[in-house]
Amino acid sequence: MGCCSSASAAQSSKREWKPLEDRSCTDIPWLLLFVLFCIGMGFICGFSVATGAAARLVSGYDSYGNICGQRNAKLEAIPNSGLDHTHRKYVFFLDPCNLDLINRKIKSIALCVAACPRQELKTLSDVQKFAEINGSALCSYNIKPSEYTLTSKSSGFCPKLPVPASAPIPFFHRCAPVNISCYAKFAEALITFVSDNSVLHRLISGVMTSKEIILGLCLLSLVLSMILMVIIRYISRVLVWILTVLVILGSLGGTSVLWWLYAKQRRSPKEAVIPEQLQIAEDNLRALLIYAISATVFTVILFLIMLVMRKRVALTIALFHVAGKVFIHLPLLVFQPFWTFFALVLFWAYWIMTLLFLGTTGSAVQNEQGFVEYKISGPLQYMWWYHVVGLIWISEFILACQQMTVAGAVVTYYFTRDKRNLPFTPILASVNRLIRYHLGTVAKGSFIITLVKIPRMVLMYIHSQLKGKENACARCMLKSCICCLWCLEKCLSYLNQNAYTATAINSTNFCTSAKDAFVILVENALRVAAINTVGDFMLFLGKVLIVCSTGLAGIMLLNYQQDYTVWVLPLIIVCLFAFLVAHCFLSIYEMVVDVLFLCFAIDTKYNDGSPGREFYMDKVLMEFVENSRKAMKEAGKGGAADARELKPMVGGEEEAAALHDFPFHFFSVCVFTDCTSSGEALVVCITQDTLLFLFVCLPITWMAEVLSQLRLPSVKVS
């Protein structure tokens, strides 16, 4: 590509950053490669539709290769093929609950029928009566309805009794059971840790009986997330302290309520409970005890973290305040999660539909049981892998477009001295620059993440397939490789986000932007650590606040629903959804803070406030710089620690010493944690920590240390 060449590096070292100037197209070859890849995705979709897969998917087909709802051609050497199913429009499975999870299909004979049985049929006489009244034969085509109760073939070619009541799936013409017990059996096959199947039945029935409460609580989490985003805009200066107090009160209140409910139910007389609900009451009591203990441990850990991090908030508070101003000037930023989620849903719907088309694409092949399956032969069978890579790359591309859009809008805000001269809609202006100039950069950054994510997913699949078969050493190596790839993916994601910010400022290609952003981050390594720990922790507290509030509301609502069964699954569903919604909204705020920090670091490096080199930063950040200067002057009077905390740029020797000590402290904490919590797996866990320490932590730290020593001297703020 040429973007990592020495000439480019020399040019970068001499070039001063010129925000919002010299806009040009970046990484054009990668854009062309991405377009060609998308054309390949379109070819897969077109091939699956053109080969008749669409008709088989929508209308369905029986076990003999006949498509329901139309006249079919005879297939060679396959009996019962070539039938006229014009009046038989629905697919009916003789045993719909017999699922093959490994091959992802129903192990049952499929027939085309005229109507689905809306009521349960308990005997063959009921099946015969249904066929005579509705004209819908539910047994094999070779058996007449009048012979259902007379022939011995009925046991293998008639539906399994009792036939559950079913209804056609909209648009797909399959008869699906309406009774939840069938899906409970499916879940039993997926969840292997449940030894008592009755527990799973109660869990699923509990979810169904409280679906209105779950839906209401999910909507509550959405409303709370939007309210928190609005509040952040106006109280950003005191946001850290407000969130801290609220989380302390919420965690204490939630823990107290859980212990109170546990004590109340434990003291309640068991004689007052009817025998049918005794097991349910014991499950609820056990779940409350687990919740209460978990909440207590979580609260203690949270308090300890707050105690350690309470002083490292100076620049974080300033950046949060400026971020609040950004949302005031750019209100459309709040809706970015909606557009991104909408784009992802559209793409995922297209991907799933194409995947379903591929599942029925190919030529008819007779399996061992004599039934028809459609399989792709030759090179086209590898389209599955291409399609899976497309899912990862295009999903990462959509997320990267959101990051580039947010970065472009925030950069426009930061480097515009007079905020009255901002574009009418900076978000749309950023989208316009992205589409016109930087789609290639986004494609390259998302492809790098894809290259790391695919091996990790392959290793996770291998680990799941070998579960219980591999030895301790192989399990340790697999988990270590998965962990290392996960760490690498997170580091690259953070670097990509900052590279997009550098591209939004200088309109440079991905490699140059990533290198420039990495140098800036290394120059401020301790500051980056403080921002990412304190700032991300504060946003994490916001997520915790929403999850705790939603979970507390769920506990109170479910507590007064006396006929409810088990609490575990509904609360888990509600809390997971609440955390997902809160993460989608607050991640935008996190992006804004990260972009502002990189802009602030660039501003303090290349400007000093003198005429001709005025700062771009907000007044709040100006006050922070002035306070840093004062603290640096007082460093010799006993305030060295505070000055080191507040100064905007970190010295090379001090930073190198801190980076040198960090991995050993990290390794010590990991080993101590494993010694106290791993139990019998102590050797495996310590081996995993050692591999992570040697192959991830040490190389990254040494690289950062070397770059911190080799960096060019920055402009002093004085």
Q: Please determine, by modelled atom types, if Thr255 and Thr299 share a side-chain donor-acceptor pair under 3.5 angstrom.
A: yes
Q. If only atom types and distance count, is the side chain of Asn498 paired as donor or acceptor with the main-chain N or O of Ala517 below 3.5 Å?
A. no
Q.
Is there a side-chain contact between Leu333 and Gln336 in this structure, where contact means two heavy atoms from C-beta onward sitting under 4.5 Å apart?
A. yes
Q: Could you tell me how the ring of Phe327 sits relative to the ring of Tyr589: parallel (under 30°), tilted (30 to 60°) or perpendicular (over 60°)?
A: parallel
Q. Should we say atom CH2 of Trp339 is surrounded by more than 12 heavy atoms from elsewhere, each under 6.0 Å from it?
A. no
**Q.** Heavy-atom side-chain proximity of Gln402 to Met591 below 4.5 angstrom
**A.** yes
(Q) Going by the rule salt bridge (charged side-chain N to carboxylate O under 4.0 Å, His left out), which residues pair with Lys453 if we only count those two or more places apart in sequence or in a different chain? (A) Glu396, Glu489
Q. Under 4.5 Å between any side-chain heavy atoms of Met617 and Thr604, yes or no?
A. yes
Q) Could you walk me through whether Asp594 and Tyr494 pass the side chain to side chain donor-acceptor pair (under 3.5 Å) check? A) CA-CA 9 Å; Asp594 290 338; Tyr494 181 73; 4.7 Å; no
Q) Aromatic rings Tyr350 and Phe347: how do their planes relate, parallel, tilted or perpendicular, breaks at 30° and 60°? A) tilted
Q: Mind checking side-chain contact (heavy atoms from CB on, under 4.5 Å) for Asn496 and listing every partner two or more places apart, or none if nothing turns up?
A: Ile449, Tyr500, Phe510
Q.
With a 6.0 Å cut-off (strictly less than), is the heavy-atom count around CH2 of Trp351, excluding the residue itself, greater than 12?
A. yes
**Q.** Residue pair Val442, Gln403: steps toward the side-chain contact (heavy atoms from CB on, under 4.5 Å) verdict
**A.** CA-CA 9 Å; Val442 172; Gln403 295 175 353; over 6 Å; no
Q.
With a 4.5 Å cut-off on side-chain heavy atoms, are Tyr414 and Asp603 touching?
A. yes
**Q.** Flag side-chain contact, heavy atom, 4.5 Å: Leu217 against Phe577
**A.** no
Q) Does any non-hydrogen side-chain atom of Cys599 lie less than 4.5 Å from one of Phe415? A) yes
Q) With respect to Arg433, which candidate in Thr405, Thr412, Thr503 satisfies the side-chain hydrogen bond (donor to acceptor under 3.5 Å, both in side chains) definition? A) Thr412
Q | Spacing of Asn432 atom CG and Ile427 atom CD1 [to the nearest 0.5 Å] | A | 13.0 Å
Q.
Testing the basics here: between Leu224 and Ser549, what is the closest heavy-atom pair and its distance to 0.1 Å?
A. CD1-CB, 3.9 Å
